[in-house]
Amino acid sequence: MKGKAQPAEADVTDLPQIPIRKSVEAPPLKNEVAPAPANTPAHTGHGIARNPGMKLDIGFVESMRNVNRSALERRVQTMAKRRSIKGDNQAAWLLRALAVMDLTSLNSNDTDERIRRLCAKALQPLRRDISIGLGLGSTPVRPAAVCVYHPFVATAAQALKGSGIHVAAVSTAFPHGLAPLDTRLKEIEASVNDGADEIDVVIKRGLVYEAKWQELYDEIAAMRAACGNAHLKVILGTGDLATLRNVTLASMVAMMAGADFIKTSTGKESVNATLPVGLAMVRAIRAYFEETGYMIGFKPAGGISTAKAALDWLVLIKEELGRPWLEPELLRFGASSLLTDIERQLEHHVTGHYSANHRHALA
Amino acid sequence: MNILERFHAMEYGPAPESREEADLWLGSRDFSKSLYIAGEWRAASDGKTFETRDPATGKVLTKVSEASKADVDAAVAAAQKALPKWSASSGFDRAKVLYAIGRGMQRHQRLLAVLESVDNGKPIRESRDVDVPLAIRHFLYHAGWAQTLDKEFPDQKAVGVVGQIIPWNFPLLMLAWKIAPALAAGCTVVLKPAEFTPLTAILFAEICERAGVPKGVINIVPGGPETGEAIVNQPGIDKIAFTGSSEVGKIIRRETAGSGKKLSLELGGKSAFIVFEDADLDSAVEGLVDGIWFNQGQVCCAGSRLLVQESVADALIAKVKQRMSRLRVGAPLDKNTDIGPLVDKTQLERVKGLVSEGAAQGADCWQPDFTLPSSGYFVLPTLATGVSPSNILAQEEVFGPVLATMTFRNQDEAIEIANNTRYGLAASIWSENINVALHVAPQLKAGVVWINGTNMFDAACGFGGYRESGFGREGGREGMLEYLAPKAAPGAEIKPASKAGFQRQGDYDILSIDRTAKLFIGGKQVRPDGNYSFPVLDKKGKLAGESGQGNRKDIRDAVAAARACKAWGEATAYNRAQVLYYFAENLSGRAAEFAARLAQLTGAAPQAARAEVDLSIERLFYHAGMSDKFEGRVHQPPSRAVTLALNEPVGVLGVVPGDDAPLLGLISMVAPALAMGNTVVAVPSARSPLVATGLYEVIEYSDIPAGAINIVTGYPSELTAVLAKHDDVDGLWVVAEADTCTYAEVESVGNLKRVWTSNGRAIDWTSDAHNDTFLRRAVEIKNVWVPYGD
């Protein structure tokens with residue numbers, strides 16, 4: 001036996017929280033995750049080995065077919081109750097949620113000025129007194145990216161220049177993805193040319209229903225090529241895919257085709273990011289990692305608007321993928337109103353007073 | 001650590017639940033008076049107390065009164081006094097009390113949860129999210145049964161005063177499982193909480209005081225084994241309900257034998273967790289977390305045997321290890337704790353001992369490498385691989401976080417390994433193929449089967465075991481029956497018969513051609529092993545013929561034949577119905593002959609003898625018709641799942657119908673047993689065996705498969721004893737004098753076979769009242785949970 005119990009001592013009332021360490025022989029997986037360095041700054045650029053993709057392996061895709069919805073639902077229901085984050089840890093975790101945020105505005109009536117405001121908020125997300133109260137000092141904790149439609153990419157790139165905040169563009173006829181492939185690829189190139197270093201593309205959901213995996217693979221691979229150095233986030237439109245099995249299969253094809261991230265939703269479907277969908281996707285990410293050694297990022301988007309919901313998502317990631325995935329290189333929340341709720345909770349943490357929305361600057 | 005450091009560390013940190021309110025309650029209460037008897041808080045008559053400890057620290061929480069025999073007697077007297085009024089109260093009145101208890105518990109939900117965790121050591125999120133809500137649900141659910149009792153069970157009444165003994169693993173939940181149905185049925189209760197965990201029962205009694213439970217209806221008597229023994233042997237108690245170890249359950253079976261006490265036992269298990277290659281493996285891993293690491297594995301239905309298909313074994317084991325290393329062992333009141341301490345030092349030593357022994361016997365025992373808290377009864381979760389079926393970890397209930405893993409090649413082997421145990425409480429099946437899951441579920445010897453899930457419970461769905469996991473069910477309609485008894489008065493006492501009574505009194509009555517009545521085993525008429533015969537006399541004492549005298553080897557052969565007859569249990573209900581109808585048809589064709597024989601042997605008037613034959617035919621018809629109507633149910637628990645309550649045959653049944661109405665009695669027991677798919681070994685009346693031997697030919701040409709009915713004539717008291725001691729007999733029904741009935745119950749402990757006796761009383765076979773009783777006893781109810789959704 002490998003475990004060693006410490007000898008019992010009498011009368012210790014305060015039990016220390018047990019640090020969870022992996023046993024030396026615990027994970028007999030093909031690939032090991034190196035723990036994140038202790039002082040990983042909030043932004044390190046795209047600092048992980050990029051997924052080169054792989055040949056479409058239908059056998060591998062199909063081996064992921066067994067997804068039991070009710071079991072996944074039970075898992076996510078209990079997960080939120082099994083983990084509770086309090087006090088300073090909660091503040092730290094909320095800062096983490098902030099740091100992995102893609103601060104987003106995807107409205108049909110967006111203007112350059114509106115996007116400049118959004119970028120200003122990204123550069124200065126927290127009120128000074130809150131930032132001081134949390135003891136952040138000179139360390140900026142900021143959203144990982146600002147996410148906009150193509151016409152505003154240049155504006156955002158200009159506004160965020162030198163900050164380290166990425167500019168993400170939704171692309172490929174977002175949100176439906178039904179323009180001709182050529183048009184969609186050109187849109188990617190245009191956004192990259194305007195300064196986007198992250199491209200959020202949508203898949204044609206119909207290809208999943210038709211099980212046209214090769215066509216789906218080819219389209220995503222072409223998008224990846226069009227991205228060049230920009231990172232590719234593949235939106236599956238999970239609300240449109242109906243089953244967790246479809247979500248899993250589409251996740252596998254997207255990763256094989258070279259996705260850097262897989263992303264749940266456009267925010268425009270009737271059902272957006274749900275925890276069961278997230279669980280199905282992170283398990284696909286885990287399987288891909290175990291098989292290939294490449295770490296794929298995950299971006300839940302749409303409907304994550306409260307600090308509590310953000311914590312639930314962080315717990316899901318930590319439980320299923322582990323600490324290394326809690327970095328902006330591997331995790332993003334697509335969100336707009338979430339930031340204000342996080343600010344309110346952080347203010348409460350600093351002052352002990354419940355806060356109000358109007359006390360925090362608009363995006 | 002400052003916030004920025006925590007931002008990088010991303011640890012959960014402690015999230016302690018406050019125990020302030022619980023400490024307040026503990027500190028403000030006088031536990032030297034913690035017996036709740038006749039609505040009063042009393043000290044033990046001999047002033048004794050016992051300590052209850054916090055398993056996370058080993059510290060004494062408080063000292064609780066320990067009920068003596070005198071205290072148990074007082075509690076039973078109080079319960080007896082309260083019984084007439086309570087059982088006669090309207091269903092609505094009892095429903096209101098159950099409702100008030102449930103709501104009262106809801107109002108103190110958190111206090112109950114914290115106390116439970118402090119006393120038992122289970123993680124707070126389990127007591128808060130599982131134990132307490134399920135306990136409340138049980139009371140609210142049973143309020144409805146109280147109100148509909150008269151309509152649903154018109155022939156039944158409250159069984160009376162109930163003695164209940166519960167374990168320490170789910171203290172409040174087990175209390176709810178016991179008390180709620182008893183109150184709904186109109187019973188009054190004397191309940192002993194476990195010695196390790198008396199606290200929530202005491203708080204529960206306080207809630208009952210405020211909920212308007214009449215004095216004496218609920219009595220709580222904390223204590224240890226001696227208190228339990230006093231309850232078991234108290235003559236004023238009409239029923240014992242016990243949850244605990246198989247060892248103690250068997251002692252209780254023996255102690256209560258012949259007392260007429262009704263008995264239900266919910267005992268140990270070694271439940272199989274079967275993972276097929278088409279399972280959602282990640283979800284199966286989470287199922288194991290809920291199955292074997294829930295409540296530190298201190299769960300009677302814990303999925304402690306992992307059976308995994310060879311093709312996915314390596315992948316699954318890798319995932320399990322990975323997941324185990326993410327489990328958090330720690331303080332029970334920390335909301336981030338997955339595994340708390342075991343309940344007591346004795347358990348800790350037992351679990352460690354079994355793991356060492358399993359390793360010594362060749363199992364590869366793996367534990368994640370984290371440090372345990374330095375105090376308290378903590379043990380590391382353990383995964384044992386390479387476990388042979390003969391390894392102690394595959395055989396014995398560990399009652400700790402220890403998972404024994406075995407592999408299988410195909411479905412049949414999975415079923416064979418799963419059933420290779422004396423226990424039969426629960427099982428889990430993991431497969432995304434509904435064909436596989438629903439094919440395997442009925443073949444598992446287990447009272448509860450979860451498909452793609454584990455440890456799901458609900459008050460509406462019965463829970464209880466096959467085999468040595470006990471008998472009786474808790475929850476659902478079947479659970480109510482455990483607290484009910486027939487309204488009909490018992491029959492006259494049966495006088496013991498001596499072998500001398502069979503000696504010839506008068507002349508021979510020579511038949512035209514000599515007939516040799518043999519035994520009927522495996523579809524053949526065979527000579528008795530001992531080659532002895534005994535005389536059969538008519539009513540006047542004249543020799544009417546001779547009958548084969550079966551012995552223990554004949555019973556052995558008959559049981560083997562009954563066990564080997566798979567065809568009958570596998571036949572469709574419609575098919576069984578047709579065969580039984582045909583049996584009736586063929587009997588009807590020889591009605592005159594049977595009537596004449598009955599008249600000759602019993603001295604019945606010709607008309608009465610003919611009436612017995614006609615009623616036998618009618619009864620065969622009834623049970624033929626019931627073959628496909630005495631069916632299971634579908635429950636809808638409060639989750640997206642259906643629960644199929646299947647009526648499954650008990651297996652091999654011994655039936656001993658006694659001397660009265662020798663044809664009708666035999667048919668009244670054999671027919672319901674066969675209708676439900678059991679195979680039967682019958683020991684007919686020794687006074688009139690020639691009635692039964694006359695049936696051989698009828699059976700032979702009624703298309704009944706060989707071995708479905710076996711008949712061994714001989715001396716019933718001797719043969720009943722052999723059946724009782726045979727551990728491959730699943731059930732035994734005996735109508736006989738008191739000693740034989742008692743003996744049958746005592747000797748049934750070998751395999752905890754389901755015994756029903758007439759308790760020394762005669763049965764009025766002409767009444768239809770027993771029909772459904774036997775049908776119910778002819779089945780085991782298996783609850784198959786089928787969660788769904790895609």
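Chain letters run A, B, ... following the sequence lines, proteins first, then strands; residues in each count from 1.
- Shortest non-hydrogen contact noted between B:F7 and A:A99 is CZ-CB, 3.8 Å.
- Contacts with chain B were tallied for A:K81, A:R283, A:H349, A:Q90; A:R283 has the most, counting heavy-atom pairs under 4.5 Å.
- In this structure, the side chain of A:R323 engages the main chain of B:H8 through a donor-acceptor pair within 3.5 Å.
- Annotation: side chain of B:Q322 is not in contact with side chain of A:E290 (no heavy-atom distance under 4.5 Å).
- Chain B forms more heavy-atom pairs under 4.5 Å with one residue of A:G87, A:S70, A:G137, A:G322 than with any other, namely A:S70.
- A heavy-atom distance below 4.5 Å is found between the side chains of B:K335 and A:K86.
- Open room surrounds CD on B:Q636; 12 or fewer heavy atoms of other groups in view lie less than 6.0 Å from it.
- A:R245 places a side-chain heavy atom less than 4.5 Å from the side chain of B:D790.
- Between A:L134 atom CG and B:R6 atom CZ the span is 12.5 Å, to the nearest 0.5 Å.
- Contacts of A:R74 with chain B are made by side-chain atoms alone, with heavy-atom separations under 4.5 Å and no backbone atom involved.
- Of the atoms belonging to B:E17, not a single heavy atom falls under 4.5 Å from chain A.
- For a residue to count as touching a neighbouring chain, one of its non-hydrogen atoms must lie under 4.5 Å from one of that chain's; by this rule B:Y788 touches chain A with the backbone only.
- The candidate with the highest count of non-hydrogen atom pairs below 4.5 Å against chain B, out of A:E319, A:R82, A:K318, is A:R82.
- Between A:R83 and B:N336, the closest heavy-atom pair is CA-OD1, 2.9 Å.
- B:A279 touches chain A through its backbone: at least one of N, CA, C or O sits under 4.5 Å from a heavy atom, while the side chain does not.
- In this structure, CZ on A:R75 lies 9.0 Å from CG on B:D290, to the nearest 0.5 angstrom.
- A distance of 7.0 Å separates CE in B:M10 from CD1 in A:I85, rounded to the nearest 0.5 Å.
- Environment of CD1 in A:I132: crowded, with over 12 heavy atoms of neighbouring residues, nucleotides or ligands closer than 6.0 Å.
- Under a cut-off of 6.0 angstrom, the local environment of CG in A:D57 is crowded, with over 12 non-hydrogen atoms contributed by other residues, nucleotides or ligands.
- Side-chain contact between B:R640 and A:E73: present, with at least one pair of heavy atoms (C-beta onward) separated by less than 4.5 Å.
- Your options are B:L333, B:D282, B:V379, and the one with the most heavy-atom pairs under 4.5 Å with chain A is B:D282.
- To the nearest 0.5 Å, atoms CG (B:L4) and OG1 (A:T139) are separated by 4.5 Å.
- Side-chain polar atoms of B:E11 and A:N89 form no donor-acceptor pair below 3.5 angstrom.
- Here the side chain of B:D280 pairs a donor or acceptor atom with the backbone of A:N68 at under 3.5 angstrom.
- Using a 4.5 Å cut-off between heavy atoms, B:R125 contacts chain A through its side chain alone, with no backbone atom that close.
- Checked by atom type and distance alone, the side chain of A:N66 pairs as donor or acceptor with a backbone atom of B:D278 at under 3.5 Å.
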